[in-house]
Amino acid sequence: MHRTELSRLPAILVGPPMPIRFTLTMIVWVLVFAGTPRSANAQLPSLGLRALSQTFFRPGASYEVDVRDSIDGQEIDRLHFSDQGIKSALVRPATESPADTSVTEPSYGKFNVALDKAVADGCYQSRISGRFGESNPRGVVVDERVVWVDQFPNSAAQPLPVELNQIYAGRVPATTRSYAVFKTVAGQTYRLRLISHAVDSKLIGSVTVYDREGQVLANRFGGLDVDTELTFGTDADDLVTIKFGDALYRGGDLFSCGLLITDQSMSSWIDDFHHRQVNSIGITPLMDRPVSPVSTEPYQVPFVVDGAFNSSDELDSHLAYFPKGTPLTVDVISERIGQPTDVRVTIYQQTAPEGQAPVWKPIANADDRANVGDAVVRLISKDPQLRFVPPTDGVYKIVVFDQDNGQALGSEQRYRLIVQNEQDDFELLAYSVTPCKDLNFARPQGIYLPRGGAQTIRVFALRTGKNVPIRLTVRDLPEGIHCQPAWIASNQSTADLILTADVSANALTTSLNIEGWCEVAGQTLSKPARLATIATDADSHQPQPTFRQCDQLSITVGELDQCPVSIKASEPSTLTIPKGGKGQAILKIVRGEGNQSSIILRAKGLPPGVKVADLAIAGDKDEGTWPIEVTDKATPGTYTFWGQAETKVKFATNPQALDRVKAKHQKLKQMLESATEATRAGLQKQVEDSEKQVQAVAKQVAAKDVALYAPSSLITVVVE
């Protein structure tokens with residue numbers, strides 16, 4: 001792996017794909033929500049990582065890193081990274097009883113992190129593990145240019161001196177701005193980047209650059225999904241001031257960033273940036289084709305052209321020769337790779353009216369791509385994609401235009417135009433669904449599967465060409481873990497997989513291998529799903545969660561817990577129902593000891609034309625009959641759906657913690673019985689403190705009422 005400039009970081013750790021222009025209107029809209037914080041849905045625990053104390057590292061260096069913000073973060077005992085050259089060890093404090101270390105707990109959530117010198121510059125994933133399995137990933141940056149700043153100065157009178165090609169990394173303070181100074185050379189153009197989304201920061205960057213006289217040289221707002229970038233320069237050597245921070249004056253552990261100034265060209269930014277962006281799915285391998293040289297002659301299909309908008313009213317024209325009747329895909333990639341653009345593409349045909357000069361007539365155009373997604377994942381883009389069938393052989397003109405002229409625009413906005421023959425193809429994206437009534441409450445978390453429990457994985461499909469059915473499977477699951485195949489029918493773009501664990505399943509953590517299969521022109525086409533994670537949850541300033549791609553989805557089967565309720569469709573789970581007909585699914589309920597709560601079951605993933613009403617199951621019933629109606633408007637095909645059960649259960653989050661503190665208390669009492677006069681007073685104090693700890697932990701771990709949202713197993717319906 002070669003050295004990666006931070007100005008060209010891979011987008012695997014960059015936020016969601018839809019750039020949001022941060023205008024005054026947005027500021028007012030966000031502030032309206034500032035006083036309306038959201039409440040969390042109660043649910044069984046699942047470990048989530050929101051923030052580490054350090055997110056930028058230098059190869060060969062060592063750090064002490066704390067877990068600063070987590071969900072269900074009991075007993076976090078491991079911090080691990082996607083590169084084996086980044087190692088960590090749990091901090092263990094010196095014991096007050098040197099003769100017996102069993103009475104001292106380790107410092108959960110605190111780690112010593114050491115990086116090998118050979119760790120390459122770039123973006124990596126970090127995860128924590130603890131009582132409730134493995135967490136979601138968070139992004140970290142490793143670069144030999146990192147300079148960690150414990151506290152960015154918030155005074156213009158005492159700014160941070162910064163130099164070219166250094167990354168000054170830290171957390172911005174709340175309610176204020178931070179200041180830095182930089183020496184410029186006359187006539188040199190500089191590029192400033194506030195790196196934030198590579199480390200999953202919630203920062204909405206704001207940067208202003210002033211000259212020595214206090215005149216504004218450049219300023220820029222970032223967005224919820226893109227780093228803040230700008231270019232600036234001076235006519236004479238100068239000492240410029242850089243004012244930066246969060247646009248909403250937020251700060252702290254969730255708002256880390258790295259300030260980088262370079263004098264490098266932006267010409268190669270596109271090569272590394274597009275590949276792992278969430279909305280890059282659906283882009284065909286032609287993205288890896290060499291860029292076509294600039295030419296005044298018509299391009300031949302297939303071709304790739306890179307261009308740039310240097311003004312808000314610029315129209316870029318490209319000539320191409322198209323054969324009659326051959327379906328083509330015309331795709332523009334710009335907003336999906338972090339550019340503040342809203343591109344529109346129009347195709348013109350040359351006509352020659354009798355006795356008149358040839359004219360160009362518009363015959364096709366495209367604006368935004370169609371939306372695929374749910375309340376969390378929105379695979380929508382302002383980049384256009386057009387299916388075009390040329391009516392005649394000849395030369396056509398493709399005009400590319402940026403409709404956005406907002407304040408987020410830089411000196412140039414780049415794009416890539418891709419034209420190729422249409423292909424029957426698909427791409428998949430999968431993420432773990434948070435069990436809750438409202439997906440807007442989705443949060444960053446791992447996948448924790450108690451024995452007897454179930455979890456939902458949602459899979460989205462982006463197709464080109466024919467909309468053929470796609471069969472979804474999970475490969476190589478260990479013994480005791482199961483997942484029925486699911487179908488994304490030809491008239492659907494999403495389906496859900498349900499992972500279940502046997503009550504007797506062994507404790508383990510494993511990565512999921514999700515694949516899709518379809519038949520195209522007599523050939524079987526299979527593809528692995530790309531994987532995504534929720535990067536940040538909603539709050540009073542951000543009404544929806546954000547998401548990004550990740551390297552893997554891991555699932556943990558718990559050693560200590562069993563799910564209080566499970567729902568499974570009895571055999572046969574595949575039902576054949578004709579259009580206009582009716583059927584029913586029989587559901588079996590397995591309840592934990594003492595659970596007698598009623599259950600409401602709501603159908604999820606229903607196809608058009610299939611109706612399934614909510615089903616109520618009384619607390620003293622262990623079976624339910626679920627009527628299914630297939631209307632005349634249903635499309636024949638194979639479909640899968642499931643039911644989300646809502647019920648109340650009793651659940652103790654960590655009773656083992658009480659066992660440990662009781663054992664510690666008993667051990668100290670035994671030590672006190674044989675203590676000498678010199679150690680008796682100290683041990684007596686420890687016994688008294690441990691007794692108070694036992695009482696406190698007993699209250700913390702006592703079973704509580706929890707709203708449980710549990711998925712049933714899949715139900716397959718074949719509509720004839």
Side-chain angles (χ1 to χ4, degrees), residues 8 189 231 264-274 283-367 369 382-405 409-423 464:
R8 299 169 55 201
T189 299
T231 57
Q264 296 173 351
S265 167
M266 295 175 64
S267 61
S268 60
W269 64 275
I270 197 170
D271 297 327
D272 291 337
F273 201 72
H274 69 273
I283 298 174
T284 68
L286 189 62
M287 284 293 291
D288 297 323
R289 182 186 180 92
V291 176
S292 306
V294 177
S295 174
T296 57
E297 297 298 319
Y299 293 106
Q300 300 290 322
V301 177
F303 63 90
V304 177
V305 178
D306 278 354
F309 302 112
N310 298 307
S311 64
S312 61
D313 57 353
E314 180 177 340
L315 296 172
D316 282 6
S317 297
H318 305 278
L319 297 178
Y321 179 83
F322 295 155
K324 176 182 177 180
T326 302
L328 304 173
T329 299
V330 180
D331 205 349
V332 177
I333 314 298
S334 181
E335 184 258 3
R336 282 172 279 174
I337 41 179
Q339 295 294 282
T341 54
D342 183 7
V343 177
R344 184 179 181 86
V345 63
T346 304
I347 297 180
Y348 291 80
Q349 182 183 25
Q350 191 178 54
T351 61
E354 186 175 350
Q356 301 180 28
V359 296
W360 291 101
K361 175 184 176 182
I363 60 171
N365 63 78
D367 197 345
R369 279 177 38 167
K382 292 189 176 182
D383 290 341
Q385 189 176 69
L386 173 65
R387 182 182 189 271
F388 178 64
V389 181
T392 62
D393 293 338
V395 175
Y396 293 79
K397 181 168 64 173
I398 304 172
V399 175
V400 183
F401 171 62
D402 181 15
Q403 303 173 101
D404 197 326
N405 57 4
L409 299 184
S411 57
E412 63 177 13
Q413 282 66 240
R414 292 185 172 267
Y415 67 88
R416 175 167 283 185
L417 171 65
I418 306 168
V419 180
Q420 59 189 316
N421 294 326
E422 183 181 67
Q423 303 175 29
T464 58

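Side chains included, hydrogens not; waters and symmetry mates left out as well; all remaining heavy atoms used.
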Does some side-chain heavy atom of [Y] sit less than 4.5 Å from a side-chain heavy atom of [X]?
X	Y	answer
V304	R416	yes
P384	R344	no
V330	L417	yes

Notebook entry, point to check: Looking at T296 and L319, what are the two nearest heavy atoms and their distance?
Noted result: O-CD1, 4.0 Å
Next item on the list: Work out which heavy atom in P362 is nearest to a heavy atom in W360; give both atom names and the distance.
Entry: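 For P362 and W360, the tightest heavy-atom pair comes out as CD-O, 4.0 Å.
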Item checked: Test side chain to side chain contact (heavy atoms under 4.5 Å, CB included) applied to Q385 and T329, step by step -> CA-CA 7 Å; Q385 189 176 69; T329 299; 4.2 Å; yes
Can you list, pair by pair, the side-chain donor-acceptor contacts under 3.5 Å of residues 388-401, counting residues two or more places apart and other chains?
{"unit_1": "T392", "atom_1": "OG1", "unit_2": "Q349", "atom_2": "NE2", "d": "3.1"}
{"unit_1": "T392", "atom_1": "OG1", "unit_2": "Y396", "atom_2": "OH", "d": "3.3"}
{"unit_1": "D393", "atom_1": "OD1", "unit_2": "K324", "atom_2": "N", "d": "2.4"}
{"unit_1": "Y396", "atom_1": "OH", "unit_2": "T392", "atom_2": "N", "d": "3.3"}
{"unit_1": "Y396", "atom_1": "OH", "unit_2": "T392", "atom_2": "O", "d": "2.7"}

Next item on the list: Check side chain to side chain donor-acceptor pair (under 3.5 Å) between D367 and all other residues, then give those that pass, not counting sequence neighbours.
Entry: Q403
Check: Which residues satisfy the side chain to side chain donor-acceptor pair (under 3.5 Å) test with Q300, sequence neighbours excluded?
Finding: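 Side chain to side chain donor-acceptor pair (under 3.5 Å) list for Q300, sorted by chain: empty.
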Item checked: Side-chain donor or acceptor of D383 paired with backbone N/O of S334 under 3.5 Å -> yes
Check: Between N365 and V345, is there a donor-acceptor pair closer than 3.5 Å when you use the side chain of the first and the backbone of the second?
Finding: no
Measure the spacing between [atom1] of [X] and [atom2] of [Y] and express it to the nearest 0.5 Å.
X	Y	atom1	atom2	value
R414	D306	CZ	CG	7.5 Å
I418	I333	CD1	CD1	4.5 Å
T464	E422	OG1	CD	6.5 Å
Q413	F309	CD	CZ	8.5 Å
I363	K361	CD1	NZ	8.0 Å

Check: Between D316 and Y415, does any side-chain donor sit less than 3.5 Å from a side-chain acceptor?
Finding: yes
Check: Can you name the residues that form a ring pair (Phe, Tyr, Trp, His ring centres under 6.0 Å) with Y299, not counting sequence neighbours?
Finding: F303
